[in-house]
Structure formats: C-alpha cells, structure tokens
K.L.:
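One structure, as structure tokens, below. Some questions next.
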Amino acid sequence: QVQLVESGGGLVQAGGSLRLSCVASGGIFSFNAMGWFRQAPGKQRELVAVITSGGRTNYADFVKGRFTISRDNAKNTVYLQMNSLSPEDTAVYYCNTDGAVVGGIRYAINYWGKGTLVTVSS
C-alpha cells in the first residue's frame with residue numbers, strides 16, 4: 001500500500017523558516033514527479049512546487065526565491081525548505097506523487113499524503 005507521510009509543519013513567526021519532509025513507502029517513486037501542494041482555509045488546493053524524476057524543479061510564482069524543493073530517492077523522501085514565511089503561507093501542505101512502481105507494475109495514479117499544517121503568525 002502506497003503511503004505518503006508529511007512532517008515538519010508547525011507554528012512559526014513571519015520571516016521564519018520551516019522544512020517539510022514527505023516520506024513515501026509501499027513502492028518505488030524515483031521514476032515519478034513529486035510535489036507539494038497547499039490548501040488554505042476557504043481556498044482551493046494549489047500547487048507549490050514540483051520536482052521531476054530527473055531533478056527539474058518548478059515553483060508557483062508566490063514562492064519563487066523563498067521555497068526550495070528537493071528529493072532523496074534513496075530515502076523515498078521529498079523536502080520543502082520554506083524561508084521568509086508570511087501569514088499568507090498559512091495552510092495545510094500536502095505531498096503528492098503522480099505515480100509509483102508497485103510490485104513491478106507502474107501506476108500512473110496521484111497519491112496524496114494527509115497533510116501537515118503550517119501556521120505563520122504576524
């Protein structure tokens with residue numbers, strides 16, 4: 001069973017930093033893109049950053065220059081380093097992958113974690 005488990009969220013003051021981690025299990029994820037999304041109260045879920053299997057990255061405009069996504073395929077882990085946080089970054093952050101190899105079969109399915117809450121105080 002594929003599972004994505006996020007950690008690292010919490011309460012931080014504006015201008016501070018947090019590092020989110022997402023550990024994937026139950027399959028092989030190195031062939032697939034992994035990303036971070038977020039959903040603020042009353043808003044739709046939105047893409048924050050994505051990293052391809054080859055290490056290319058793409059960021060939403062509102063985090064460019066502040067957030068950095070990275071991955072460690074040996075650990076099946078994707079990270080999100082968040083700097084210069086503002087109250088507008090307050091949201092539940094979700095880890096995502098667009099597929100996995102499970103039991104030798106490649107699945108093109110979006111898998112999601114349950115999210116980790118980031119709260120930025122002013």
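Quick caveat: nothing in here was measured; it's all calculated off a predicted structure.
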K.L.:
Shared ILVMFWY cluster between Ile109 and Val78, side chains joined below 4.5 angstrom?
P.N.:
yes
K.L.:
Tell me whether Leu80 shares a hydrophobic cluster with Val120, the cluster being built from Ile, Leu, Val, Met, Phe, Trp, Tyr side chains joined at under 4.5 Å.
P.N.:
yes
K.L.:
Is there a side-chain contact between Ser53 and Asn32, using heavy atoms and a 4.5 Å cut-off?
P.N.:
no
K.L.:
Are Val118 and Leu20 close enough that some pair of their side-chain heavy atoms sits under 4.5 Å apart?
P.N.:
yes
K.L.:
Is it true that Asn58 and Arg56 share a donor-acceptor pair across their side chains at a distance under 3.5 Å?
P.N.:
no
K.L.:
Side-chain contact test, heavy atoms from C-beta onward, threshold under 4.5 Å: evaluate it for Asp72 versus Tyr79 and give yes or no.
P.N.:
yes
K.L.:
A side-chain contact here means heavy atoms from C-beta on lying under 4.5 Å apart; do Arg38 and Asp89 qualify?
P.N.:
yes
K.L.:
Would you indicate whether the side-chain heavy atoms of Met82 and Tyr93 approach each other to under 4.5 Å?
P.N.:
yes
K.L.:
Would you confirm whether Glu6, through its side chain, and Thr116, through its main-chain N or O, come within 3.5 Å as a donor-acceptor pair?
P.N.:
no
K.L.:
Just by distance, do the side chain of Gln39 and the backbone of Ala91 share a donor-acceptor pair under 3.5 Å?
P.N.:
no
K.L.:
Starting from the C-alpha separation in whole Å, work towards a yes-or-no answer on side chain to side chain contact (heavy atoms under 4.5 Å, CB included) for Phe67 and Leu85.
P.N.:
CA-CA 9 Å; Phe67 292 9; Leu85 285 162; 3.7 Å; yes
K.L.:
I'd like to know if the side chain of Tyr59 reaches the main chain of Gly65, judged simply by a donor and an acceptor atom lying under 3.5 Å from each other, with no hydrogens or angles considered.
P.N.:
no
K.L.:
Is there a side-chain contact between Trp112 and Cys95, using heavy atoms and a 4.5 Å cut-off?
P.N.:
no
